[in-house]
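Everything on this sheet refers to the single structure shown next.
Excluded from the calculations below are hydrogen atoms, water molecules and symmetry mates; all remaining heavy atoms, backbone and side chain alike, are included. In what follows, residues are counted from 1 in the order of the sequence shown. Just follow the structure's listing: the first ligand is 1, and inside any ligand the first atom is 1.
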Amino acid sequence: MDQKPAFGCLKYSEQHAPGVGLTLDISEILASEQSAYQRITFYRNPYLGVFFTLDGYIQLTEGDEFAYHDMIVHPAMAVNPQIKNVLVIGGGDGGTVRELCRYPTIEKIIMVEIDERVVRLSQKFLPSTACVIDNDSRLTNIYEDGLTYIKNSASAQLDLIIVDSTDPIGSGEGLFSREFYHNCHRALNKNGILINQHESAFYPWDGYEMKRANDKIKSVFPIAKVYGFNMPSYASGYWYFGFAAKNLDPVSDIKAEQWQNFGLETKYYNIELHKAAFALPSYVKKLLSE
Ligand code: AG3
């Protein structure tokens, strides 16, 4: 993390718009394989540390994963600090379950990841995110398609579902379907919350998917908002999660004091930022309301 940028070395480049992209120096290619579901590649960058891609899109870098994983977990926990029973779909790198495991009050976490290879490679090259996998008795790992898992799950049992998915292409596509959202609604109890990876708004192809997902979630859940956060390694540097619920509003129902009593140190998340994250730029409001 403290090395000067290198010149003339191997580059990783990802296109985000015509003529616009993100380029990272590669100091090492750690692994590259085609699993049953996707091409998985792990690299090292001298500044951002280890990063990995699935089918050519960056999923996380050690340098900025704190923003993603703080924001996928802590807002829901601040809205309902009584959450005990959690389902995570995707999230094979372990960052999401790492943050969940910091709450002593959470009793049970099931992580359903389609691709065991993502988990095993993360355990090898990303111990900073994969550290709780196989190490916390509250956590059960299941290697299955989240779509199938939720279809067969019991009704009204879960306090929280987190969908830490890839983009809606390839193996992640079903996790953006109306059928999937219906099953999530059924599996959640009356105070249940669904958090999902919600793409981004600035570039039109991401914005198209963001709106499509939001329209479907709005037709299933009475409360369906999105909230944003700064994510330097993703397209436009800004990304969104969805917050959907049957009953709890993400801003007016926040339990600030109770959350603060957990005493967690967080590098990105705090209560003031929580409220601000749900305030959207005008062009995003327009995109989602049209
Ligand atoms: N999950 C993938 C987020 C979406 C990435 N998309 C993109 N870069 N176009 C990240 C997993 C972190 N636990």
Distance-only, no hydrogens or angles: does the His16 side chain make a donor-acceptor pair with backbone N or O of Tyr203 under 3.5 Å?
-> no

State whether the side chain of Lys11 and the backbone N or O of Cys9 hold a donor-acceptor pair below 3.5 Å, judged by distance alone.
->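 Checking the backbone N and O of Cys9 against the side chain of Lys11, no donor-acceptor pair under 3.5 Å is found.
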
Near Ser165, which atoms of ligand 1 are under 4.0 Å from a heavy atom of that residue?
-> 1 (N), 2 (C), 3 (C)

Would you mind listing which atoms of ligand 1 come within a distance below 4.0 Å of any non-hydrogen atom of Tyr57?
-> 9 (N)

Presence of salt bridge, [Y] and [X], under 4.0 angstrom:
X	Y	value
Arg212	Glu199	no
Glu107	Lys84	no
Asp136	Arg138	yes

Could you establish whether Ser233 and ligand 1 come within less than 4.0 Å of each other, counting only heavy atoms on the residue side?
->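 For ligand 1, residue contact (heavy atoms, under 4.0 Å) with Ser233 is absent.
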
Is ligand 1 under 4.0 Å from a heavy atom in the side chain of His69, in the backbone, in both, or in neither?
-> side chain

Who's closest to atom 5 (C) of ligand 1 heavy-atom-wise, of Asp93, Ile58, Thr166, Asp55?
->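 Looking at heavy atoms only, Ile58 sits closest to atom 5 (C) of ligand 1.
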
Tell me the protein heavy atom at minimum distance from [atom], and give that distance in Å.
atom	value
atom 2 (C) of ligand 1	Gln59 OE1, 2.9 Å
atom 3 (C) of ligand 1	Tyr234 OH, 3.4 Å
atom 11 (C) of ligand 1	Asp164 OD1, 3.2 Å
atom 6 (N) of ligand 1	Asp167 OD1, 2.9 Å

In sequence, state the C-alpha distance, the side-chain angles, and the governing distance for Glu62 and Asn45, and then conclude on side chain to side chain donor-acceptor pair (under 3.5 Å).
-> CA-CA 9 Å; Glu62 277 184 304; Asn45 169 269; over 6 Å; no

Nearest atoms (heavy-atom pairs only) where Asn191 meets Leu248 = O-CD1, 3.6 Å

